[in-house]
Enquirer: 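One structure coming up, written as structure tokens, with questions to follow.
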Amino acid sequence: MEVIESCESVYKLNKYLKARRDDVNAGVPGKFLHAVMGPDISDVGSVASTIMYAFYLDETLKSNQLCTVPVINMKRAKLDSHAGLQWLLRSCNIDLSSLIFIDEIDLSYYDLFGSLKLVLLNCDKIPSEQEALKEAIVEVFHCTKSHSYSWVDSTTVRQDVSCCTVIAEKFAMISPEILAGQGFSRLLLAGILVDTGNLSNSECTSKDKYMATLLINGAGRYGCNGLYHILKYKTHDSSDLNMEEILRKEFKKWTRSGKSNTVSSRMLTPNIGMSSIGMSIAQLLLSHDSTSVPEIIHFQKLEKLGLLVVVSGYYDSQKKFKREILVSAESSELMKNLLRFLNASAAQLPLKAVHQSGLKDEMRVFEIDKVTSRKTIEQLLEEFLSASNGYY
């Protein structure tokens with residue numbers, strides 16, 4: 001690992017992180033907890049933007065009434081399964097002990113006493129596990145569309161692919177010298193590269209590319225291509241993992257809100273899970289030979305999912321990026337309803353059926369005939385969950 005020599009900007013960032021960690025450990029006396037939190041899929045871009053936007057707010061607000069902290073929306077123990085993210089944080093000299101993970105802070109305690117102010121970052125809707133905290137939201141930053149939180153005055157709608165692009169631009173406007181630090185710029189650059197697929201995403205904007213160029217010092221001896229491929233390799237290396245570990249490595253789950261766990265309610269509104277992998281679906285199914293399909297179904301049952309969607313992103317032999325999905329439904333009827341919904345959304349997610357021998361009607365494989373982000377697939381699954389009652 002190339003660990004960057006500590007720089008002034010990372011020193012300042014770590015000093016901030018430690019001070020806020022100490023404040024939280026002391027219970028944040030006499031202040032509002034101003035928590036910056038992203039989606040519950042904590043990938044490189046989400047974690048980098050959570051840390052950096054919290055730091056930016058702390059630097060610019062300068063409020064004695066607010067304790068502004070980044071809250072990483074995953075359990076600390078799960079960091080060990082995110083090799084790419086862990087490598088990035090260590091290579092940038094970020095003090096991991098000063099980071100605050102979701103299992104290390106009781107946000108509901110602060111909400112109970114009216115002292116929580118929540119900044120929702122890089123998503124349109126608060127994750128289902130934190131739904132009870134929604135009335136504490138005071139800002140939505142880098143959302144893709146209008147949100148349902150009518151009381152929120154501060155909203156930043158996404159115009160660029162990467163949230164880190166917008167944050168880097170903000171730092172460039174108030175303190176451009178801070179971007180000269182290699183570790184500081186690497187954290188932002190890595191977020192931009194991963195979010196935009198190494199600047200190759202069809203939605204990638206000129207500003208994404210410009211900010212990546214401005215932050216190129218962060219790539220070090222690897223260069224942008226090298227840094228991106230290191231992150232992708234470390235994120236998706238699954239050679240030593242069993243099927244459950246592969247599916248759980250980057251896993252998100254949407255559950256029925258306020259529904260009883262009866263057969264009828266399960267049919268009306270299924271729990272949905274999404275696993276992201278860095279290999280082709282064919283490679284996934286071949287990885288454990290004849291046991292692959294039963295192990296996928298076992299994982300689906302273990303998580304009590306009506307639908308499991310495995311989203312594959314990889315480069316083929318011609319270095320072309322490919323996106324595939326495997327859909328496993330608990331019934332053929334549920335599969336038909338999902339496909340009917342996706343067919344109506346073909347402009348966003350054009351699907352091309354892929355024949356895979358040995359699969360029953362409840363498990364299908366598709367190639368996505370367009371460069372599509374995982375966020376787009378997430379949003380469609382959320383919409384299907386919301387609309388499920390209308391499909392029965």
Side-chain angles (χ1 to χ4, degrees), residues 41 43-45 82-84 161-162 190-205 208-209 212 224-239 241 243 245-252 272-289 292-293 295-296 299 307-329 335 338-339 341-343 345-359 363-381:
I41 287 190
D43 55 15
V44 165
H82 291 258
V161 172
S162 179
I192 294 172
L193 294 177
V194 171
D195 287 344
T196 62
N198 201 19
L199 306 177
S200 65
N201 188 312
S202 61
E203 297 177 356
C204 181
T205 67
D208 288 314
K209 295 175 182 178
C224 284
N225 284 335
L227 177 61
Y228 173 76
H229 287 294
I230 287 171
L231 290 167
K232 294 303 286 183
Y233 171 76
K234 289 185 175 293
T235 297
H236 295 300
D237 180 22
S238 304
S239 54
L241 304 180
M243 181 63 75
E245 290 169 335
I246 291 171
L247 296 176
R248 201 177 292 284
K249 190 173 183 182
E250 289 192 65
F251 175 68
K252 181 169 185 175
I272 298 176
M274 186 180 102
S275 295
S276 301
I277 62 172
M279 65 181 83
S280 69
I281 298 297
Q283 186 180 348
L284 174 73
L285 295 174
L286 287 171
S287 62
H288 294 73
D289 298 324
S292 291
V293 171
E295 286 177 10
I296 292 171
F299 176 79
L307 282 167
L308 172 63
V309 179
V310 181
V311 179
S312 160
Y314 67 99
Y315 287 89
D316 64 14
S317 56
Q318 279 77 45
K319 304 295 183 183
K320 183 180 178 183
F321 183 76
K322 309 274 280 191
R323 180 77 80 190
E324 299 170 340
I325 59 171
L326 177 147
V327 181
S328 179
M335 176 67 80
L338 175 65
L339 295 183
F341 175 84
L342 293 179
N343 284 337
S345 308
Q348 293 174 271
L349 198 71
L351 298 179
K352 178 182 175 183
V354 176
H355 174 70
Q356 194 74 46
S357 61
L359 301 185
M363 189 176 289
R364 302 278 300 277
V365 178
F366 301 91
E367 180 181 336
I368 300 176
D369 211 14
K370 173 185 176 182
V371 177
T372 305
S373 69
R374 287 188 302 170
K375 283 188 175 68
T376 297
I377 300 172
E378 284 179 33
Q379 288 161 11
L380 286 172
L381 292 177

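These figures come from a predicted structure and were not determined experimentally. These values consider heavy atoms only, across backbone and side chains, with no hydrogens, waters or symmetry-generated copies.
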Enquirer: Taking side chain to side chain contact (heavy atoms under 4.5 Å, CB included) as the test, write out the residues that go with A353, two or more places apart.
Expert: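 Result, side chain to side chain contact (heavy atoms under 4.5 Å, CB included) vs A353: R364, F366.
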Enquirer: So do K252 and L381 actually touch side chain to side chain, heavy atoms under 4.5 Å?
Expert: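 When only atoms from C-beta onward are counted, K252 and L381 do not touch, as no gap falls below 4.5 Å.
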Enquirer: May I ask you to test the V44-H82 pair for a side-chain heavy-atom distance under 4.5 Å?
Expert: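 In short, these two side chains do not touch, never coming nearer than 4.5 Å.
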Enquirer: Would you say K209 has more than 12 foreign heavy atoms packed within less than 6.0 Å of its NZ?
Expert: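 No - once you tally the heavy atoms of other residues, nucleotides and ligands closer than 6.0 Å, there are 12 at most.
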Enquirer: List the residues meeting side chain to side chain contact (heavy atoms under 4.5 Å, CB included) with S202, not counting sequence neighbours, and say none if there are none.
Expert: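 Testing S202 for side chain to side chain contact (heavy atoms under 4.5 Å, CB included), a comparison that skips the adjacent residues, returns V371.
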Enquirer: Show me, pair by pair, the donor-acceptor contacts under 3.5 angstrom made by side chains of residues 321-329, not counting sequence neighbours?
Expert:
{"residue": "K322", "atom": "NZ", "partner": "E367", "partner atom": "OE2", "Å": "3.3"}
{"residue": "R323", "atom": "NE", "partner": "T372", "partner atom": "O", "Å": "3.1"}
{"residue": "R323", "atom": "NH2", "partner": "T372", "partner atom": "O", "Å": "3.2"}
{"residue": "E324", "atom": "OE1", "partner": "I281", "partner atom": "N", "Å": "2.9"}
{"residue": "E324", "atom": "OE2", "partner": "Y314", "partner atom": "OH", "Å": "3.0"}
{"residue": "S328", "atom": "OG", "partner": "Q300", "partner atom": "OE1", "Å": "2.5"}

Enquirer: Compare every heavy atom of I296 with every heavy atom of M243, then report the nearest pair and how far apart it is.
Expert: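 Result for this residue pair: SD-CG1, 4.0 Å.
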Enquirer: Can you tell me how far the CG atom of L349 sits from the CD1 atom of I368, to the nearest 0.5 Å?
Expert: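 That separation rounds to 4.5 Å.
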Enquirer: Tell me every residue that passes side chain to side chain donor-acceptor pair (under 3.5 Å) with S280, counting only those two or more places apart in sequence or in another chain.
Expert: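 For S280 there are no side chain to side chain donor-acceptor pair (under 3.5 Å) partners, ignoring immediate neighbours.
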Enquirer: When rounded to the nearest 0.5 angstrom, what is the spacing between CG in L285 and OG in S292?
Expert: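 One gets 6.0 Å once the value is rounded to the nearest 0.5 Å.
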Enquirer: Please report the interatomic distance OG(S276) to CD1(I377), rounded to the nearest 0.5 Å.
Expert: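 Rounded to the nearest 0.5 Å, the OG-CD1 separation comes to 7.5 Å.
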Enquirer: Are the side chains of L193 and L227 in contact, using a 4.5 Å heavy-atom criterion?
Expert: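 Yes. Closest side-chain heavy atoms under 4.5 Å.
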Enquirer: Return the minimal non-hydrogen interatomic distance between V194 and Y228, and the atom names on each side.
Expert: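 For V194 and Y228, the tightest heavy-atom pair comes out as CA-CE1, 4.1 Å.
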Enquirer: Output all residues satisfying side chain to side chain contact (heavy atoms under 4.5 Å, CB included) with L359, sequence neighbours left out; order by chain, then residue number.
Expert: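 Side chain to side chain contact (heavy atoms under 4.5 Å, CB included) list for L359, sorted by chain: V293, Q356, M363, V365.
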Enquirer: Please, which pairs that meet side chain to side chain donor-acceptor pair (under 3.5 Å) have at least one residue in residues 192-201, sequence neighbours excluded?
Expert: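 Of all non-adjacent pairs touching residues 192-201, those that pass side chain to side chain donor-acceptor pair (under 3.5 Å) are S162-D195, N198-N225.
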Enquirer: Rounded to the nearest 0.5 Å, how far does CZ of R374 lie from CE of M274?
Expert: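 M274 CE to R374 CZ: 6.0 Å, rounded to 0.5 Å.
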Enquirer: I want to check something: taking the side chain as every heavy atom from C-beta on, are N343 and L351 in contact at a cut-off of under 4.5 Å?
Expert: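 When only atoms from C-beta onward are counted, L351 and N343 do not touch, as no gap falls below 4.5 Å.
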Enquirer: Rounded to the nearest 0.5 Å, how far does OG of S373 lie from CD of Q379?
Expert: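 Rounded to the nearest 0.5 Å, the CD-OG separation comes to 7.0 Å.
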